[in-house]
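Worksheet: one structure, shown below.
By convention in this document, chain letters (A, B, ...) are assigned in the order of the sequence lines, proteins followed by strands, and residues within each chain are numbered from 1. Source: prediction; values computed, not measured.
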Amino acid sequence: MLLDFFENLRRAQLRVTLPEYLTLLDALSKGVGTGSLDNLYTTSRMMLIKDETLYDRFDQVFGAYWEGRELSFNTLFEDIPEEWLDPTQRPALSAEDMAAVEAMGGWDKLMETLAERIKEQDEAHHGGSKWVGTGGTSPFGHSGYNPLGVRIGGNSKHRRATKVWQERKYKDLDNDLELGTRNFKMALRKLRKMAKSEREDKLDLDTTIRQTAHNGGLLDIHMTGERKNAVKVLLLLDVGGSMDWHARITSELFSAAASEFGRLEYYYFHNFIYEGVWKENQRRHTDRVSIDELQRTYSRDHRLILVGDASMSPYEIVAPGGSVEHWNEEPGAVWAQRLLQAFPHCVWLNPEPKVHWGHTQSIGIVQQLMGDRMQPLTVHGIQEAIVQLKKPLVPS
Amino acid sequence: MNNDAASTVPEYIRTDALEQAINAARTLSRPLLIKGEPGTGKTELAIDVARQAGLTLHSWHIKSTTRAQQGLYEYDAVSRLRDSQLGDARVNDISNYIVKGVLWEAFESAEPSVVLIDEIDKADIEFPNDLLQEIDRMSFDVYETKQTIEAIHRPLVIITSNNEKELPDAFLRRCFFHYIEFPDRATMERIVHAHHPNIKQDLLRDALTVFFDLRELPGLKKKPSTSELLDWLKLLVADDLSAQSLGANDLRTVLPKLHGALLKNEQDVHLFERLVFLHRQRTRTQ
């Protein structure tokens, strides 16, 4: 029966291997981790999960699996009071949320999907990552809009006393969590890695001498990789409205790693790239630096990192005069392409959770413009971004 | 602290999960990888395990220049070259120049032992991979003398990591993993009691309040850890300070006494002072 559990872990993107599973079975047959569910929890976690950032995901799968042994999700669904499902009782929605609902085909369709998903969940033995109500990875339960999801788990009369895995206390350690003060350090470490990723070969004199002695006096040359902190970074940050907080945390993050970079420059823009960017927000209308000037000032090997939610009207990107602040002769897309041509090592970091990207048309357009180089602003996203930054978008 | 107290090692407080992890690692003789915030007592754990079980402890502290081979043995070719120039007779026997490493000694020991590989993340990224076979099979070959060294008793291997580098998957797969969480208040009280059995109740209570409040302070570069709390308490006990002098009820108004033990860099102290200053201004204008 644990095979199901093992498969659920695999399905939740936890890379558990067969030898590890066999070790667990071995342990259980020797009486380690038997006795209580708590024991099984610690033992299986210790043997299967080797990274505390994955504890939270493990907790969810474990909880769901054992919860599922006791009550089926179908009966759970019947427990939901009628009024929760009543469209007239829905909480006040913002325009954005409404758009998201419409994108899924409206309220009725959403409720249908919910019903379907709950059914599917039962069939799938409660694995996977699209839970109703576990927040973030499913449209059900996003920012209070779908309190249904949360209530499905929370108010059930079958609920037992809270177990360790239900406390979700490792949630803050998850690498896919939005960047904040807590996982700031981890992100910083990733950036440092990026700064140090470039190596150059040079003669390793000490090893050469030692190995030559080893060799009885015959010359044995050894090379070593020298670390070079020469990565140059050009950071463009979207400011204004909801982006301010993210812009601040991103610039703090990069400044903290500044000593590791060969050079770090940052500029601001609003919503999208047009003719110019600016250094100081107070003087954004007077002291602009044009894209041409950026191109002239900074060499091609600068890593271009754009940070923005890329959520706007599509016209702001593709149409002339689309900018919300001024009249632009040429559409933003043209300017963006020029920028990417000038700095082919580029990536776009988006603080919006990745699951919502599909709902916003402009994000799709930007993704296309960036050649799919868009990553969420999470530790994991930054890691991916660093990999993408190594290769140029267009051949230089 | 007098000499008597210093010679008795305080008890190491283990959580249930940790206890289980150690048992499982011993029963199945797998290496146990321990991670956790700095100062949560990862190294002390290995020392304690060895002491509790009455086993010898072989520690191997890893530095950035440590190579896996050094844990097994080293062939001192340079000495041999020099000796050959001087016509030393020892030159003919290569085993004279083999220096045993920590793992060799542990494998050789007649009774079961504990091997501590401390701060494995300090070493090169390839380091853990180079030890895979040796830790798996608990044996290795000495090429120079064509010997195979096999463990008489499989030692319990405890590995600590500060998370500075990611460890290779192949290595992780062979280990059991335990993450030491930061202790909650109740556990912390037990830990403090183990170290300072005679501490005054009210001092302890207020000190812990100050400590946990301080950890909550947003923007601290280095959060004070268990080891720092213990240092701080040692100072407080030595100075025989009273609970009132800590100002626990009003952390925002005074810098705690002897804060140097808790806050380890000037930015953090400045941050704290700024908060205190802002708070004073606010209370004055109210």
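Between A:M46 and B:H178, the closest side-chain pair of non-hydrogen atoms is not below 4.5 Å. Side-chain contact between A:H214 and B:Y75 is present, with heavy atoms from C-beta onward closer than 4.5 Å. Using a 4.5 Å heavy-atom cutoff, the side chains of B:K35 and A:D51 are in contact.
Close approach to chain A, defined as a heavy atom under 4.5 Å from one of its heavy atoms, is seen in B:A17, B:Q20, B:A21, B:A24, B:T27, B:L28, B:R30 of residues 14-33 of chain B, taken by number.
Interatomic distance, B:F176 CZ to A:K50 NZ, rounded to the nearest 0.5 Å: 7.5 Å. Here the OH atom belonging to B:Y179 is positioned 10.5 Å from the CZ atom belonging to A:R45, to the nearest 0.5 angstrom.
With sequence neighbours excluded, no residue forms a ring pair (Phe, Tyr, Trp, His ring centres under 6.0 Å) with B:H153.
Both the backbone and the side chain of B:L172 come within contact range of chain A, judged by heavy atoms closer than 4.5 Å. Contact of A:I209 with chain B is not made at all, since no heavy-atom distance falls under 4.5 Å.
Annotation: A:Y266, atom OH; neighbour count of heavy atoms from other residues, nucleotides and ligands within 6.0 Å does not exceed 12.
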